[in-house]
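In what follows, chains are A, B, ... by sequence order, proteins preceding strands, each numbered from 1. Model, not experiment: these values are computed from the prediction.
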Amino acid sequence: MSLTFDFVQPQPEPAADRITLFADVILPLPLPKLYTYRVPFELNDHVVVGGRVIVQFGAKKTLSCIVAAVHENPPKEYQAKYILEFIDDAPVVTQPQLKLFRWIADYYLCTLGEVINAALPSALKLSSESRVQLHPAFEAETSPYPLSEQEQKVVAALSTGEEGKSMTFTEVGELLGIASFHKYIKSLMQKDVVFLFEHLQDKYSPKVVKKVRLAHRFIAEAALEDLFAQLAGRAKQLDVLMRYLQKVPVYQNEHANQRGLEKAYLTSAPHLSPSAVNTLIKNGVLEQFDQIVSRFPLDEDDAEAKIHFTLSEAQQAARQDIMQQFQEKDIVLLHGVTGAGKTEIYIDLIKQALDGGGQVLYLLPEIALTAQIVTRLMRVFGSRLGVYHSKFSDNERVEVWNGVLSGRFQVVIGVRSAVFLPFDSLALVIVDEEHESSYKQYDPAPRYNAREVALMMANFQGAKTLLGSATPAVETYYQTRTGRYGLVSLTKRFGEAGLPEIELVDTRKSREQKTMLNHFTPELMQAMESKLAAKEQVILFQNRRGYSPFINCLDCGWIPKCTNCAVSLSYHKHSHELRCHYCGYHERMYVQCPACGSRNLKTVGFGTEKLEDDLKVMLPQANVQRMDLDTTRAKNSYQQIISDFEKQATNVLVGTQMVTKGLDFANVSLVGIINADSIIHYPDFRAHERAFQMFVQVSGRAGRKGKKGRVIIQTGDPEQVIFDKVIRNDYLEFYEYEILQRREHGYPPFMRIIRLTVKHMDAVVGERAAILLTQELVDRLGREAVLGPEAPYIFRIRNFYLQEITIKLSREHTVLRAAKADILEAMNLVRDQKEFKQVRLAADVDPM
DNA sequence: AGCACGCCGACT
DNA sequence: GTCGGCGTGCTC
C-alpha cells in the first residue's frame, strides 16, 4: 500500500463502451450530504463500498473517507473530481455497519460524517501532513530572488540527498530550531523555490518483534556439532546457543526453528550476554527477522486453563427461562438483584451463541469493565475474546476492529463505542447495567445511546438481546409490561448472602439536637467505628467532588465565580485551588477576600475531599482513601485504589458515583450515603429514578459471601416516598409509582423527548434565536409539543449562553419521522438567518 | 471542520 | 499607504 501520489490527475477520454463509475463518499466532517467523486477508469475494479479512498476536498485538503455507494450517474451540476487513491482492497466498514450508521444519523439527528468520526478508531483515519519539496524549476544561480539565511538553510537541506526529497513542516521547524518557521516556508513558496503537497500517513502501525532462529545450514546434527567445536572457548556464545536449543526443539520439529524465538528472550535473560547474541547474528549462526504480532497475545496454553463452573439452581432456572423467552421475543430483560450472579448466566449464554456460530457483543459501562471481568472472560473464551476499552491505545482498537472483521474475535466485551465494531453475524447482544446513563453519549454528536443502537443492530442482524440490571430503566421495564420485551427475574443473591439492611437517619433532627459530627450523624459514626473495630470495611458515597462547592467571605458575602460559566468555583483543598467543574477553569485559593480584604473566608457545603479530611481526623486509626475524578485521573490510579481496598490496605473508601458499581468486596459490611437529598432534589423528570438506582446500586456493595450488610442513608427528609421503596429494595413498587408520574406528566416511555440547545456568546442573540426556533417549531409541531425556550439552571458554560427547547412527541414511528424532518427544517431556517450565523444548535434525541 | 475570500484598524 | 484581524461561504 503506497500512500504517495502526484497531483496530475489522469484524464482519460471516456470511450463509448467504457463504464465510468462514481463513488459517493462519507467525509469525516459534519457535512449533511455525501460527495461524489469519479473513479479513475483503470481502477474500476478497486472500488469497494466500505473501503477507504483518498480524495482532494476543497483547494488544499486531502482526506481519507469511506465509500458509501458506487454508481454510474454522473453528477449534473458539477464536474466530479477524481479519487486519488484507494487504500483498501476489502471494506473496513461493512454493509451492515453502513446501514446501522445511517440509522444512527437519522435517528439522532446528526450527519453520517459525525457517526463515522465517532465510529472509526482514529488510526483508521489518515492524517495529512504538509510537506515541502524543492521546486523542479529552481536553480540557485538563476533564481531572481535573494534568499535569507534561514531560507538558504532550508534549500540546502532539501537539495542534499536524492532528487525530489521532501520534508515535513515539523522537520523544517526542527532544522531551523524555531517555532515560527511558517513565514519562511511562505516566503520560499512565493519565490517559487519550494512547493507544498500533502502526504497522507496511515497511523496504524502493527507491532513488530525482533526474533532470531538458527541459520538453516546448522540444522543438520553434524553441522551443529561442527559449530559447537568452532565455538569452543567462546563461553558466552555457547551459553546463548544452548539456551536457544533448550527453548526451541530444532530436531524434533523443524518448524519450531522456523518460528524462531523472541530476540529479547535471549538478550534480556539474566545470565546471557546480549553482545554474544549479536555476535552470533553477525557471524550468521543466528538469523534475525521481524514478525508482526498481535497486541493481544494469548498463548495457546491459556486455552487449557479454561475454568469450568456450574450454575446454581436459580441461575440454571433463569437461563432456561431466558432461552424459553427468546423463542418468542427478541429482547429479554434479566432483572436480577445485585450479587445474583448474572455474569455466570451471561457466560453460559455466550458459549451457546458461539457454538451456534454467531458473534456476541457484551456491553458494559466504562466503570464496570474491570480487569476482573476481563480476566474471567479470557479464561473462558481465550483468544476468541476481544476487549474494547476507551483506555486502550488507538493501535489496540484497530486490532480489535480488524479482529472482528477477520473473524478472529467472535466475542467482544466493550464499552459504549463497541457498538460501532464491524459485526456481521451477531447472534447475541448483552447490555449489562442497561439503565446506566453513561451509555448515552452527551457531547459531541452523535448523541447516541449505545443500548438503543445495540438493540437496533441486533434487530438488523437477527440477533437476540439480553438487557441486564438490578434497577432497570423505567422505559425498559415498561416494555416488559407491553409484552415487547421478555422478563426474567432473579431475586435471590448468590451463595446465601442476604440483602443488606437499610436504615434512614434524619440529619435535620441531629442538627437540631446539635449531635452532628461534621457531616456525620452519630448513628453513622458509631456504625463506622464498630465495623472498623471488627476489621470490616466501609464505603461512603457522596455525590460531589472537591472540598466544598463554594467559598464565601463572611464579611462582605463575596463568592468566587467562574469567569466562563455561570457557576461558583469549587474549592479543592489538596491542590489549593478553586476549580470550575464545567470548563476546567482554575485559580489559586485566596488567602484574603479580593473584594474587601477580609481573611474570613468560609467553605460552604462539602464534597468527597472534605469528608476524607474530616475522617482522617475523626478516625485516626483507619486508613481512608478517596476515589473520585480527581484521584483517578492518572492512568492506573483507579486500579491502584481498587486493589488497595481489595487487599484491605484501606479501611474506608469515600467516593462519588464511582463507588456505586462494579466493586464487589466481601469484607464491606457498611455503606453510608452522606447526603441523599442532593440526589433526589434535582430538576429533572428522571431524578427519582436516578436516585433509586443510585441508592440500590450502592447498597448492593454492602455484605457479600454470607455477611449481612448494613446501609445508612442520611437525609433531611426521611418522609420521601422513594426511601420507602429503597429500604424494602422493592423495584416493582418503585416502578409502579414512577410510571404513574410519567404517564401523568407526559414523559418517557409515553412520550419521546428531543432537546434542542441553542448556544451563543451573546445572551441576547442566543435568546432571540431560541425564540425564533421555538416559533418555527410551534408552527410545525403545534403549541403543546414545544416547551421553552428556557435558560437552564447553569445558563452559561464556556462563555456560551444556553437556551433549551424541549420537544415532546408521541412515540408513533410515522409521527416521529415527520417531526424530525420538521425539526431539521426549523433548525436550518434559523441557521440561515444572517443574524444567527454564529449560533450553535444541537439536537439531543432521548436525552438522559 | 478547515481554508480562502473579503472588508476595517495599527504599523513599515 | 499596507499587513492582518476574523466574519461568512464552500467544499463533489
Next item on the list: Answer with yes or no whether the side chains of A:N395 and A:E399 bring together a donor and an acceptor at under 3.5 Å.
Entry: no
Next item on the list: Calculate the interatomic distance between A:D832 atom CG and C:dT8 atom P; express it in whole Å.
Entry: 13 Å
Item checked: A:T36 versus A:D24, side-chain donor and acceptor atoms under 3.5 Å -> yes
Check: Any idea which of B:dA1, C:dT8, C:dC12 is nearest the A:K33 side chain?
Finding: C:dC12
Margin query: Without decimals, in angstroms, what is the distance between A:L29 CG and C:dG9 C1'?
Written below: 15 Å
Next item on the list: Starting from P on C:dC12, measure out to CD1 on A:I66 and report it in whole angstrom.
Entry: 18 Å
Notebook entry, point to check: Does a donor on one side chain and an acceptor on the other come within less than 3.5 Å for A:T806 and A:R755?
Noted result: yes
Margin query: So, under a plain 3.5 Å distance rule, would you say the side chain of A:Y78 forms a donor-acceptor pair with the base of C:dC12?
Written below: yes
Checklist line | Atom-pair distance (NZ on A:K837; P on B:dA1), nearest Å | finding: 15 Å
Item checked: Between C:dG7 (P) and A:F836 (CZ): distance, integer Å -> 18 Å
Item checked: Lys/Arg cation over aromatic A:Y801: A:K759, 6.0 Å, 45° cone -> no
Next item on the list: Provide, to the nearest angstrom, the distance between the CD atom belonging to A:Q56 and the P atom belonging to C:dC12.
Entry: 8 Å
Next item on the list: Answer with base, sugar-phosphate or nothing: what part of the nucleic acid does A:K834 contact at a heavy-atom distance below 4.0 Å?
Entry: sugar-phosphate
Note to self: Regarding A:F57, tell me which of base, sugar-phosphate or nothing describes its non-hydrogen contacts under 4.0 Å with the strands shown.
What the structure shows: base
Note to self: Rounded to whole Å, please give me the gap between CG in A:L27 and C1' in B:dC3.
What the structure shows: 15 Å
Item checked: Gap between atoms NE2 and P, on A:H71 and C:dC12 respectively (whole Å) -> 15 Å
